[in-house]
Amino acid sequence: MIDHAIFPCIQGSPDHYVFSDGQLFKLPTDLGGLAKIKAYAKQTRPGWHPIDFGYWMFVHKSEEIGLIRFLAILPTGSNARRTGSSAQPFSKPDFEKYIESLVEDEQKNRDRIRDEISLLIHDLRRFSNSIYQNAVATKKAIFDGDSGEAATKIDNTLAAQAMLSMRTDILDLAESKDVLLEEDRVPIYRKFDKVVKSFQPGCKSRNIDLAITGSSHSLTIGPDCAEIIAYIVVDNALKYSPSNHQISVSLHESDDTILATITSLGPIIDRDELEAIFEKGFRSVAAKRLESNGTGFGLFLAKSLTRRFKGSITCEQFGEVVTTNRGDFRDTRFTVTFPIWEKRTEPIYNHQDRKGPPTPLQPISTRKKKTRPRHIAKAEDTSPLPRKKKRRSSKRNKRPPSEPI
């Protein structure tokens, strides 16, 4: 299906079709009407077909956009038998190239969606396995009486769940064109800190030191999606950084701006690609070489969301070339800026005070069993406790009718 075609068109089968007028060229009145639209819909043979008053109809059929009929076409050299009509400034081959471009765009969109779903399934499996492994480890730690290890594994489980939630939010924003995000006061440091803590458990397997430094208590104003920006940029650094290296996330404030910088080793990017990496669907040559899976949509979404805050995001590379078994790398820094809406020198609230003091975990073997209070006789009363009388069944044993009483 094609949305917002510049020509009037009929999409679908002859029995179930949808007509939509063109955004640029409208259907002439003489060609309209339910009867004529129904007659045009019966044409299914691809190619050019003459219709009323010297106009043409072009029928296209493909897997990408289905069966579609473009109406009221008047290519160069055509003579319309209608007062006030003139030829359109393109030829039949030009129009066919336009249709080919529509098919190509639709195919790219399908490929992007397929790649995004493939990546999502991969991430869902990874997060699901992490949650399961941490749950098993938590159960073992509680059974062994190791409350510290149990608390760590619970934190890891919550981190995996938080990443899963952010990952699905990214898919929602990618697929929904009209997503309404309510604006509110946003603490940027807390959002980035949440993302860093969510990623830290998974960094141990690759021996990557992911840490956050600096401080920022001021608030910006914008949609409540700053953690998605942080997730995309930090995930991008983890995806392309070699193992056994450091990824640094730093936040600090200037007079009117909150600056978040994410620094890591990244594949060398050509200068003309540094701006293009924020374009929709673009992936650098080095990114394709290191990571075959990717849609080129993440950084585009990060930039789009940053603009909602009236902020900016940039990328730069500096320092000496570092050669690893995966290729040549340089220090890569992403800088995200947010304008300060409300200046603060202290946090809004203390996180631990809000949640209350932590409750220490207690192994099963040391827990006190809850027992129901039993009736205890008074000290001066030495008589035994009265026995409970058994309730007699209301049903009496009745003899069969054949037996005498």
Side-chain angles (χ1 to χ4, degrees), residues 113-176 179 187 189-212 224-241 243-244 246-247 249 262 264 291-295 297-298 301-302 305 351-352 354-365 367:
I113 294 175
R114 185 181 65 250
D115 292 342
E116 184 66 29
I117 292 176
S118 177
L119 288 176
L120 176 64
I121 292 174
H122 173 76
D123 289 342
L124 289 177
R125 288 174 177 169
R126 176 162 58 93
F127 297 146
S128 176
N129 181 66
S130 175
I131 291 173
Y132 173 78
Q133 296 295 338
N134 282 300
V136 172
T138 302
K139 183 178 180 181
K140 182 179 182 302
I142 294 176
F143 182 80
D144 295 340
D146 190 348
S147 59
E149 180 66 13
T152 300
K153 295 303 180 183
I154 290 174
D155 288 340
N156 292 350
T157 303
L158 295 175
Q161 191 279 331
M163 292 175 67
L164 177 61
S165 176
M166 284 183 278
R167 187 64 182 83
T168 52
D169 288 343
I170 291 174
L171 182 67
D172 288 339
L173 290 172
E175 299 305 320
S176 302
V179 177
Y189 182 91
R190 195 185 309 162
K191 299 294 184 179
F192 274 79
D193 183 57
K194 172 185 176 181
V195 170
V196 170
K197 289 180 179 178
S198 299
F199 274 110
Q200 283 175 337
C203 294
K204 295 180 180 179
S205 60
R206 294 177 55 196
N207 196 26
I208 290 180
D209 181 17
L210 173 62
I212 183 170
D224 190 15
C225 62
E227 66 271 16
I228 294 179
I229 301 173
Y231 178 98
I232 292 173
V233 182
V234 174
D235 181 60
N236 187 77
L238 283 168
K239 185 184 298 183
Y240 296 107
S241 176
S243 301
N244 306 310
Q246 183 180 16
I247 298 177
V249 179
I262 299 88
S264 64
E291 201 58 51
S292 58
N293 293 326
T295 62
F297 189 80
L301 178 60
L305 293 177
H351 186 65
Q352 192 58 55
R354 182 179 66 89
K355 297 182 68 175
T359 304
L361 296 173
Q362 194 173 13
I364 296 176
S365 57
R367 292 178 184 173

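Values below: every heavy atom of this structure, side chains too, minus hydrogens, waters and symmetry copies.
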What closest approach, in Å, do [X] and [Y] show between heavy atoms, and which atom pair accounts for it?
X    : Y    : result
I208 : S243 : CG1-CA, 4.3 Å
I262 : A237 : CG2-CB, 4.2 Å
S264 : I247 : CB-CG1, 3.7 Å
F192 : V249 : CD2-CG1, 4.1 Å
E227 : V195 : O-CG2, 3.5 Å
L305 : C225 : CD2-SG, 3.8 Å

How many angstroms lie between atom CD1 of I229 and atom CG of L301, to the nearest 0.5 angstrom?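 One gets 8.5 Å once the value is rounded to the nearest 0.5 Å.
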
Let me confirm one number: the CG-OH distance from D235 to Y240, rounded to the nearest 0.5 Å.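 That separation rounds to 9.0 Å.
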
Among R190, K191, K197, find the residue that satisfies the salt bridge (charged side-chain N to carboxylate O under 4.0 Å, His left out) test when tested with D193.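 Output: one option passes, namely K197.
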
Has the side chain of Q200 got a donor or acceptor atom that lies under 3.5 Å from a matching backbone atom of L210? yes

